[in-house]
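For the single chain, residues carry numbers from 1 onward in sequence order.
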Amino acid sequence: MVRRIPKFGKTEKPVRPKTLVFSLSVLDKLFNDGETLDFSTFEAKGIDTKFCKQIRIIKSGNLTKKLKISEDPKVYLTKGVKEVIAGQS
């Protein structure tokens with residue numbers, strides 16, 4: 001039998017940037033008191049952000065530590081998370 005081979009073009013799918021999703025309970029384990037939520041801090045914590053375009057933080061779980069919000073466009077906070085972090089200040 002003869003196997004069909006594509007005549008031209010790539011057969012590999014391109015790697016698409018993805019969004020990493022974190023909950024408040026995960027942030028409570030990862031971060032210390034007074035740290036800032038920005039993209040470089042996640043990289044410093046050892047989280048693989050090679051193909052990551054954005055980090056999204058959702059309101060799920062509890063947050064016992066006080067964290068600072070940065071104006072980093074790569075870190076998206078939902079409305080509920082902003083209220084929780086602002087309420088702790």
Side-chain angles (χ1 to χ4, degrees):
M1 299 198 66
V2 177
R3 187 171 181 171
R4 295 183 129 193
I5 300 174
K7 293 181 181 179
F8 51 85
K10 292 185 177 181
T11 58
E12 301 173 357
K13 291 184 179 179
V15 177
R16 294 184 181 160
K18 61 182 178 178
T19 301
L20 295 177
V21 179
F22 292 98
S23 64
L24 287 177
S25 56
V26 173
L27 290 182
D28 201 37
K29 294 176 186 175
L30 282 176
F31 287 89
N32 298 323
D33 247 354
E35 285 189 309
T36 315
L37 292 175
D38 60 350
F39 200 76
S40 60
T41 310
F42 281 95
E43 289 176 337
K45 295 285 181 183
I47 296 169
D48 186 23
T49 56
K50 184 177 181 181
F51 298 112
C52 181
K53 179 180 164 186
Q54 183 183 36
I55 294 176
R56 179 178 290 257
I57 301 172
I58 59 172
K59 183 182 175 185
S60 175
N62 295 326
L63 184 65
T64 58
K65 300 173 184 168
K66 293 184 179 181
L67 300 175
K68 297 176 186 174
I69 301 173
S70 70
E71 297 298 323
D72 192 358
K74 290 185 176 183
V75 179
Y76 176 77
L77 304 172
T78 59
K79 184 179 177 183
V81 172
K82 288 179 184 176
E83 291 173 359
V84 168
I85 293 177
Q88 289 181 344
S89 298

Asks: List the residues meeting side-chain contact (heavy atoms from CB on, under 4.5 Å) with N62, not counting sequence neighbours, and say none if there are none.
Replies: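 Result, side-chain contact (heavy atoms from CB on, under 4.5 Å) vs N62: none returned.
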Asks: Which residues end up grouped with I58 if you chain together Ile, Leu, Val, Met, Phe, Trp and Tyr wherever their side-chain heavy atoms are less than 4.5 Å apart?
Replies: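 Besides I58, the cluster holds V21.
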Asks: Listed by chain and number, what are the side-chain contact (heavy atoms from CB on, under 4.5 Å) partners of K74, not counting sequence neighbours?
Replies: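 Result, side-chain contact (heavy atoms from CB on, under 4.5 Å) vs K74: F39, D72.
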Asks: Step through the shown structure and confirm whether more than 12 heavy atoms of other residues, nucleotides or ligands are within 6.0 Å of NZ on K59.
Replies: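 Not buried by this count: 12 neighbours or fewer within 6.0 Å.
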Asks: Do you reckon L63 sits in the same ILVMFWY cluster as I47, going by side-chain contacts under 4.5 Å, direct or chained?
Replies: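 Yes; I47 is reachable from L63 via cluster members.
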Asks: Backbone N or O of K66 within a donor-acceptor pair of the D33 side chain at under 3.5 Å?
Replies: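 Yes; at least one donor-acceptor contact below 3.5 Å.
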Asks: If I compare all heavy atoms of T19 with all of R56, which pair ends up nearest, and what's the gap?
Replies: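 Result for this residue pair: CG2-CB, 4.0 Å.
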Asks: Quick one: pull up CG in L67 and CG in L27 and give me the separation to the nearest 0.5 Å.
Replies: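 Answer rounded to 0.5 Å: 6.5 Å.
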Asks: I'd like to check the side-chain contact (heavy atoms from CB on, under 4.5 Å) partners of E83; sequence neighbours left out, ordered by chain and number.
Replies: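 So E83 forms a side-chain contact (heavy atoms from CB on, under 4.5 Å) with K79.
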Asks: Quick one: ring-ring contact (aromatic ring centres under 6.0 Å, His included) pairs with a partner in residues 45-67, sequence neighbours left out?
Replies: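 Sorted pair list comes back empty.
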Asks: Side-chain contact test, heavy atoms from C-beta onward, threshold under 4.5 Å: evaluate it for L37 versus I85 and give yes or no.
Replies: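 Yes. Closest side-chain heavy atoms under 4.5 Å.
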Asks: Quick test of your reading: applying ring-ring contact (aromatic ring centres under 6.0 Å, His included), list the pairs with at least one residue in residues 17-36, sequence neighbours left out, ordered by first then second residue.
Replies: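 Checked against ring-ring contact (aromatic ring centres under 6.0 Å, His included) - neighbours excluded - the pairs reaching residues 17-36 are F22-F42, F31-F42.
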Asks: Which pairs pass side chain to side chain donor-acceptor pair (under 3.5 Å) with one or both residues in residues 36-46, sequence neighbours excluded?
Replies: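 Those involving residues 36-46 are E35-K45, D38-S40, D38-T41, E43-T49.
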Asks: Tell me the side chain to side chain donor-acceptor pair (under 3.5 Å) pairs involving residues 21-30, sequence neighbours left out?
Replies: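 Counting only pairs at least two positions apart or across chains, the side chain to side chain donor-acceptor pair (under 3.5 Å) contacts touching residues 21-30 are S23-S25, D28-T64.
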